[in-house]
Amino acid sequence: MNKCTFEASVIVSFYNNVDALICILRSLETQGDNFEVIVADDGSKQENVDKAFEYIKSSPIPISHVWQKDSGFRKNRILNKALKLSQSEYIIFIDGDCIPQDNFVRDHISNKEKGEILNGRRADIASSFKEKLLSSKHPNSFFKDNFVQIAKAYIQGRGKNVEKGIRVTNPMIFKILNNKKKGIVGCNFSVHKADLLDVNGFDNRYEIPCIGEDTDIEYRLLQKGKVLKNLFHQAIILHPQHPELPRLPQALELFEETKRQGNIVALDGYQQANNVD
């Protein structure tokens, strides 16, 4: 297709977890919208790249793959490289261990507005569901198909934010459920490509997880006058629960430096992303 014919580009962060990636792609294949997928690969081993390619080449949806060598956590740099490949003016970000449910892409597309960042969430289901989810014939409807068991585990204290897996379409109820101010999470948000380029994309200097791929980009976009719009209870993704990574001092210090120096446009970002393999 020619440039800009896609309604959205879905960028999937990936690092070696090929079973989850294939599950994500299988789910996206059911979405039925006019979008492309770009796998942003932060240095996966060749055997996993080969497995991913084997699936990609037979997929009915347009999928691109961009890879960089493994030199530690460089998610922001590979996101910028994926952004360079994108053929849509609207970008949806998802992590490589989060499985989109029905209407994920459509919910992002139908809710997008000029000057807004769509702020999704994930439903962290109990880790015991991981294998069943990844091997499911219908991963796109896993939450709905297994709701009773997932809810029972949640009541027993296994899982987090599981209620976010319930899709709400009633406008009044949806508005009530989304009236709290919450920051974006890198595993599920979307934004206009032009807005990302206006701040030179993601800051490549973050080589530690948990801030650069969401808190930092959110701060710089807001400073440019963009606004957040919550998309909780729509654009649903499932994530088997695991311990959360801590916010390490090095990342916090870099973020404080960004705010202190007013580096709204990344000093090392989208434009510089191809300077290092």
Side-chain angles (χ1 to χ4, degrees), residues 11-17 20 40-45 66-83 91 93-98 117-124 127 159-161 164 180-191 195-228 230 232 237 239-277:
I11 295 180
V12 183
S13 303
F14 173 56
Y15 179 69
N16 284 320
N17 192 352
D41 189 337
D42 189 17
S44 294
K45 296 178 180 178
V66 58
W67 181 92
Q68 64 188 10
K69 67 181 180 181
D70 189 354
S71 296
F73 182 88
R74 296 192 298 159
K75 179 180 179 181
N76 280 11
R77 187 173 296 275
I78 198 62
L79 289 179
N80 281 326
K81 292 179 180 180
L83 189 58
I91 314 295
F93 294 95
I94 183 173
D95 275 356
D97 58 354
C98 297
I117 313 159
L118 290 182
N119 177 26
R121 278 298 183 271
R122 68 189 188 191
D124 288 309
S127 59
K160 181 181 178 182
N161 296 323
K164 296 292 194 302
K180 292 184 179 180
K181 290 185 178 180
K182 296 285 185 178
I184 67 171
V185 289
C187 65
N188 186 3
F189 77 100
S190 62
V191 63
D195 293 341
L196 286 172
L197 300 190
D198 195 33
V199 297
N200 198 22
F202 296 89
D203 189 333
N204 299 322
R205 297 177 300 164
Y206 286 94
E207 296 187 343
I208 295 173
C210 297
I211 291 182
E213 63 268 36
D214 43 38
T215 303
D216 175 84
I217 192 70
E218 173 193 318
Y219 171 78
R220 292 187 291 112
L221 286 169
L222 293 181
Q223 293 304 302
K224 278 285 188 174
K226 311 309 171 189
V227 297
L228 284 177
N230 291 341
F232 307 163
I237 56 174
H239 175 256
Q241 191 176 30
H242 61 69
E244 294 184 5
L245 295 173
R247 292 193 166 198
L248 298 178
Q250 300 94 315
L252 291 169
E253 289 167 6
L254 180 54
F255 182 52
E256 290 304 317
E257 175 189 306
T258 295
K259 292 190 291 183
R260 185 171 61 252
Q261 297 183 356
N263 297 327
I264 307 308
V265 176
L267 300 177
D268 181 359
Y270 173 85
Q271 294 292 345
Q272 296 78 26
N274 284 335
N275 292 353
V276 179
D277 289 336

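None of the values given here were measured: they were computed from a predicted structure. Position 1 is the first residue of the sequence, and the numbers go up from there.
Atoms CG and CD, from Asn161 and Gln241 in turn, are 9.0 Å apart once rounded to the nearest 0.5 Å. Distance check, rounded to the nearest 0.5 Å: CD of Glu207 to CZ of Arg77 gives 7.0 Å. For the atom pair Leu254 CG and Lys259 NZ, the distance stands at 11.5 Å (nearest 0.5 Å). Interatomic distance, CG of Asp41 versus CG of Asn16, reported as 7.5 Å (0.5 Å rounding). In this structure, Gln271 CD and Asn80 CG are separated by 9.5 Å, a value rounded to the nearest 0.5 Å.
In summary, the side chains of Asn204 and Gln272 do not present any donor paired with an acceptor at a separation below 3.5 Å, with no hydrogens or angles considered.
Under the side-chain hydrogen bond (donor to acceptor under 3.5 Å, both in side chains) rule, Tyr206 has a single partner from Asp268, Asp216, Asn76, which is Asp216. Residue Phe93 is tested with Leu196, Asp214, Val12 for a side-chain contact (heavy atoms from CB on, under 4.5 Å); the sole match is Leu196.
The minimum heavy-atom distance linking Cys98 with Ile237 is given by the pair CB-CD1, 3.6 Å. Nearest heavy atom pair, residue Gln68 against residue Arg74, reads NE2-O, 3.0 Å. The shortest heavy-atom contact between Val199 and Lys224 is CG1-CG, 3.5 Å. Residue Ala40 comes nearest to Ile78 through the heavy atom pair C-CG1, 3.7 Å, listed as atom of the first residue, atom of the second, then distance.
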- Message: Asp95 vs Arg122, test: salt bridge (Lys or Arg N to Asp or Glu O under 4.0 Å). Steps then yes/no.
- Response: CA-CA 10 Å; Asp95 275 356; Arg122 68 189 188 191; 5.0 Å; no
- Check against side-chain contact (heavy atoms from CB on, under 4.5 Å), Tyr219 and Ile264: CA-CA 8 Å; Tyr219 171 78; Ile264 307 308; 4.1 Å; yes
- Task: Please step through salt bridge (Lys or Arg N to Asp or Glu O under 4.0 Å) for the pair Glu257 and Arg205, ending with a clear verdict.
- Result: CA-CA 12 Å; Glu257 175 189 306; Arg205 297 177 300 164; 3.2 Å; yes
- Item | CA sep, side-chain torsions, deciding dist, call: Leu197, Leu83, side-chain contact (heavy atoms from CB on, under 4.5 Å) | CA-CA 9 Å; Leu197 300 190; Leu83 189 58; 4.0 Å; yes
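A donor-acceptor pair is defined here as one N or O able to donate and one able to accept, closer than 3.5 Å; such a pair exists between the side chain of Trp67 and the backbone of Ser44. Remark: the backbone N or O of Gly201 is paired with a side-chain donor or acceptor of Arg220 at under 3.5 angstrom. Formation of a donor-acceptor pair under 3.5 Å by the Asn263 side chain with backbone atoms of Thr258 is not found in this model.
Counting heavy atoms from C-beta outward, Thr215 and Phe255 have side chains that approach closer than 4.5 Å. Using a 4.5 Å heavy-atom threshold, the side chains of Ile94 and Ile11 count as separate. Considering only heavy atoms from C-beta on, Lys75 stays 4.5 Å or farther from Phe14 through its side chain. A heavy-atom distance below 4.5 Å is not found between the side chains of Asp42 and Asp70. Annotation: side chain of Ser13 is in contact with side chain of Leu79 (closest heavy-atom distance under 4.5 Å). Side-chain contact between Leu228 and Leu222: present, with at least one pair of heavy atoms (C-beta onward) separated by less than 4.5 Å.
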Got a list of side-chain donor-acceptor pairs under 3.5 Å for residues 181-189, not counting sequence neighbours?
| from | atom 1 | to | atom 2 | distance (Å) |
| --- | --- | --- | --- | --- |
| Asn188 | OD1 | His108 | NE2 | 2.9 |
| Asn188 | ND2 | Arg121 | O | 2.8 |
| Asn188 | ND2 | Ala235 | O | 2.9 |

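Aromatic pair Tyr270/Phe202: ring centres not closer than 6.0 Å.
Between Lys226 and Asp195 there is a salt bridge, with a side-chain nitrogen of the basic residue lying less than 4.0 Å from a carboxylate oxygen of the acidic one.
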